[in-house]
Amino acid sequence: MNIHPKSHDAYKLLHDGILALGRAEQQGIRVDMDYVTLKKEQLVRKIARFEEEFKKTTFYKHWVHSRGGKVNINSGSQLRHFLYDVKKIEPAKLTTTGEGSTDEEALDSLNIPELKFFSERSRFKKAMDVLEGFEREQVNNYVHPFFNLHTARTFRSSSDHPNFQNIPKRDEEIMQICRKALFPRPGHQLMEVDYSSLEVRIAACYHKDPTMLKYINNPASDMHADMAKQIFMLDKFDKSVHEVLRQAAKNGFVFPEFYGDYYKNCASNMACKWGELPQGTWKAGQGIKIGDIPLADHMISKGIRSLSMFENHLKKIEEDFWGNRFPDYADWKDRWWTVYKKYGYVDLLTGFRCSGVMSKNDVINYPVQGAAFHCLMWSFNEKDRLINKYGLNTRIVGQIHDAIVLDVDPKELNRVIRVIRRVTCEDLPKAWPWIIVPLDVAIELCPVDKSWAEKEKFVLE
DNA sequence: AAACCGGGCCAC
DNA sequence: AAACGTGGCCCGGTTT
């Protein structure tokens with residue numbers, strides 16, 4: 001892995017970047033330590049309650065008995081041994097080294113109700129870890145997350161102490177607990193600017209697939225809804241009614257396929273993890289409603305009567321996906337792999353070079369992931385330069401791969417939004433002509449003096 | 001006691 | 001060919 005020897009721009013991007021990121025690190029994000037102290041006390045009690053309930057179960061008592069009285073509730077290997085060696089349950093899922101898995105999904109499919117206390121405990125334990133991280137790293141009520149440009153194989157960034165790039169978001173309750181700790185400076189407001197579907201758009205700059213370019217250029221079109229229609233065999237697709245199916249198609253098929261997954265994994269994952277599909281058994285009456293009909297009945301009526309039939313169905317859809325829908329994208333993947341095998345490296349559109357031992361999936365993913373982040377980095381640098389040039393009180397405080405987080409002076413709000421839209425969506429494509437797709441950002445804003453949990457969509461009037 | 005590793009889980 | 005890409009952190013368990 002190295003930088004393309006001819007690319008001065010690539011050096012400059014990182015040199016400017018490390019300075020701009022350093023200023024964000026120095027700025028920091030305010031932590032409400034009174035809240036952290038109070039919330040930690042509540043969490044200690046909450047975690048203890050789940051633990052007590054769990055310890056009352058016969059499942060736990062058997063576990064303790066099997067070990068002669070000593071169980072560590074945090075020990076996955078002890079749980080694994082008890083489930084798969086002592087009780088001789090067939091693991092629903094294996095780890096990479098072939099052991100029985102004890103992750104939430106695996107435990108769920110064992111249908112052991114007592115384990116619910118265990119998984120609930122884990123959720124709040126996670127929140128506890130995040131708050132303890134903030135507490136440990138704060139100095140005078142500010143955390144200063146580090147942003148590294150020298151650690152990721154893809155030329156992305158990483159963050160640590162504390163990691164600003166993996167604070168819980170999707171589990172609403174856990175998100176609230178964690179993000180209620182983070183505040184702007186007094187009198188200011190936090191703002192997040194996200195590039196919309198950045199990796200998909202940057203991938204299109206490499207492969208230039210006409211169908212994908214059409215999807216990107218036409219905001220009324222919807223690739224994931226189209227795939228949901230095809231996968232679930234629906235003639236018409238009402239997005240508001242079928243949002244669950246759209247998400248299932250997006251997260252269970254389209255993105256995994258882009259990353260290099262294939263139909264077999266997609267089929268079994270979709271059947272149990274996404275879209276509330278029936279658990280592989282395809283029993284009539286199961287699943288969400290399509291009109292008045294449960295999804296399972298709908299699929300059965302279309303001739304998909306079992307998981308293996310669904311697998312075969314997805315196999316055909318995959319062939320159509322790469323063979324007919326995005327053939328130029330598929331060609332690009334093959335070409336890229338051929339180039340790597342011949343020369344031993346692939347070059348990013350941003351002047352960097354990935355070399356070393358890579359799989360085919362690596363070869364198609366690294367350049368996209370890296371170049372997408374570099375778009376963010378360029379915008380970050382330019383925004384930082386303008387804040388300094390104009391002498392604003394607003395500060396950039398962090399970055400999450402395709403998003404910038406700012407601590408905004410409300411008096412400067414309109415100006416900041418204007419500048420950031422111009423920099424991210426207009427100036428960047430002018431600076432980098434290889435960007436042949438429109439870029440778009442979504443802005444979220446917290447009220448003045450409110451925490452990061454209070455983010456709301458900001459709509460330009 | 002430190003170093004290392006696998007597994008799990010959070011983010012994009 | 002290969003079979004989901006990139007990170008960081010916590011934890012238990014083992015090796016050094």
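Letters A, B, ... mirror the listed sequences (proteins, then strands); counts begin at 1.
- The side chain of A:Tyr262 sits closest to C:dA3 out of C:dC4, C:dA3, B:dC12.
- C:dC4 atom P lies 15 Å from atom CG of A:Asp103, rounded to whole Å.
- For C:dG5, the base has a donor-acceptor partner in the side chain of A:Gln369 [N/O atoms by modelled type, under 3.5 angstrom].
- Less than 4.0 Å separates DNA chain C from at least one heavy atom of each of the following residues of residues 117-127 of chain A: A:Lys125.
- Residue A:Asn74 places at least one side-chain N or O closer than 4.0 Å to OP1 or OP2 of C:dG12.
- Comparing A:Phe255 and A:Gly133 by the nucleotide of DNA chain C whose heavy atom lies nearest to each, the residue mapping closer to the 5' end is A:Phe255.
- Every pair passing salt bridge (charged side-chain N to carboxylate O under 4.0 Å, His left out) that includes a residue from residues 319-331 of chain A is listed here, sequence neighbours excluded: A:Lys315-A:Glu319.
- Side-chain to base pairing of A:Arg156 with C:dT6: one donor and one acceptor N or O lie within less than 3.5 Å of each other.
- The OH-P distance, from A:Tyr263 to C:dC4, rounds to 13 Å in whole Å.
- A:Lys333 places its NZ atom 13 Å from the P atom of C:dA3, with the value rounded to the nearest Å.
- Residue A:Gln78 places at least one side-chain N or O closer than 4.0 Å to OP1 or OP2 of C:dG13.
- Taking atom CE of A:Met358 as the reference point, atom C1' of C:dA2 lies 15 Å away to the nearest angstrom.
- Judged as a ring-ring contact (aromatic ring centres under 6.0 Å, His included), the pairs with a partner in residues 98-131 of chain A (not counting sequence neighbours) are, in order, A:Phe50-A:Phe124, A:Phe54-A:Phe118.
- For A:Lys87, there are no salt bridge (charged side-chain N to carboxylate O under 4.0 Å, His left out) partners at least two apart in sequence or on another chain.
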Encoded 5' to 3' (Watson-Crick or G-U under 3.5 Å; [ ] crossing; | other strand), DNA chain C becomes ....||||||||||||
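- The phosphate of C:dG5 has neither OP1 nor OP2 within less than 4.0 Å of any side-chain N or O from A:Thr154.
- Side-chain contact annotation: A:Glu114 with A:Thr57, donor-acceptor N/O pair under 3.5 Å absent.
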Tabulate below the donor-acceptor pairs under 3.5 Å that side-chain atoms of residues 163-170 of chain A make, not counting sequence neighbours, or state none.
residue: A:Asn163; atom: OD1; partner: A:Gln165; partner atom: N; Å: 2.7
residue: A:Gln165; atom: OE1; partner: A:Ser159; partner atom: N; Å: 3.3
residue: A:Gln165; atom: NE2; partner: A:Ser157; partner atom: OG; Å: 3.2
residue: A:Gln165; atom: NE2; partner: A:Gln399; partner atom: O; Å: 3.2
residue: A:Gln165; atom: NE2; partner: A:Gln399; partner atom: OE1; Å: 2.9

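- A donor-acceptor pair shorter than 3.5 Å can be found between the side chains of A:Asp261 and A:Asn265.
- Atom pair A:His161:NE2 and B:dC10:C1' shows a separation of 16 Å (rounding to whole Å applied).
- Considering only side-chain N and O atoms, A:Ser75 lies under 4.0 angstrom from the phosphate OP1 or OP2 of C:dG13.
- A salt bridge links A:Arg246 to A:Glu243: at least one charged side-chain nitrogen sits closer than 4.0 Å to a carboxylate oxygen.
- In this structure, A:Lys333 satisfies the cation-pi test against A:Trp322, with its NZ or CZ atom closer than 6.0 Å to the six-membered ring centre and inside 45 degrees of the ring normal.
- A:Arg153 has its CZ atom 13 Å from the P atom of C:dG8, to the nearest Å.
- A:Thr95 comes within contact range of the sugar-phosphate backbone alone, with a heavy-atom separation under 4.0 Å but no base atom that close.
- When the P atom of C:dT6 is taken as reference, atom CG of A:Leu348 falls 14 Å away, rounded to whole Å.
- Between C:dA3 and B:dC10, the two P atoms lie 25 Å apart (nearest whole Å).
- Looking at heavy-atom distances under 4.0 Å, A:Glu104 makes contact with sugar-phosphate atoms alone, never a base.
- Picking from C:dG12, B:dC12, C:dC4 the nucleotide with the shortest atom distance to the side chain of A:Asn72 gives C:dG12.
- Of the side-chain N and O atoms in A:Ser158, one or more sit less than 4.0 angstrom from OP1 or OP2 of C:dG8.
- Checking the phosphate oxygens (OP1, OP2) of C:dA1, a side-chain nitrogen or oxygen of A:Lys341 falls inside 4.0 Å.
- Distances shown here put a side-chain N or O of A:Ser77 below 4.0 Å from the OP1 or OP2 atom of C:dG13.
- The side chain of A:Arg80 places no N or O atom within less than 4.0 Å of a non-bridging phosphate oxygen (OP1 or OP2) of B:dG6.
- In this view, A:Ala204 and A:His207, A:Met212, A:Leu213, A:Ile216, A:Val437 satisfy the side-chain contact (heavy atoms from CB on, under 4.5 Å) rule, not counting sequence neighbours.
- Partners of A:Asp108 under the side-chain contact (heavy atoms from CB on, under 4.5 Å) rule, at least two apart in sequence or in another chain, do not exist in this structure.
- Taking the six-membered ring where the residue is Trp, the centroids of A:Tyr195 and A:His401 are separated by 6.0 Å or more.
- Taking a 4.0 Å limit (strictly below) on heavy-atom distances, residues 166-182 of chain A reaches DNA chain B at A:Asn166, A:Ile167, A:Pro168, A:Lys169, A:Arg170.
- Residues that satisfy the side-chain contact (heavy atoms from CB on, under 4.5 Å) test with A:Tyr142, not counting sequence neighbours, are A:Arg30, A:His144, A:Arg185, A:Pro186.
- Within the nucleic acid shown, A:Gly76 has no heavy atom closer than 4.0 Å to any nucleic acid atom.
- Among the heavy atoms of the strands, none lies under 4.0 Å from A:Ser157.
- Map A:Asn148 and A:Glu132 each onto its nearest nucleotide of DNA chain C; the residue landing nearer the 5' end is A:Asn148.
- In this structure, A:Asn163 atom CG and C:dT6 atom C1' are separated by 12 Å, rounded to whole Å.
- At the phosphate of C:dA2, neither OP1 nor OP2 sits under 4.0 Å from any side-chain N or O atom of A:Asn361.
- The salt bridge (charged side-chain N to carboxylate O under 4.0 Å, His left out) pairs that include a residue from residues 126-137 of chain A are A:Lys40-A:Glu135, A:Lys125-A:Asp129, where partners are two or more places apart or lie in different chains.
- In this view, A:Ile18 and A:Leu149 satisfy the side-chain contact (heavy atoms from CB on, under 4.5 Å) rule, not counting sequence neighbours.
- Residue A:Asn265 has a polar side-chain atom (N or O) positioned under 4.0 Å from OP1 or OP2 of C:dC4.
- No contact: A:Glu257 has no heavy atom under 4.0 Å from any strand.
- Proximity of A:Tyr366 to the phosphate of C:dT6: a side-chain N or O atom is located under 4.0 Å from OP1 or OP2.
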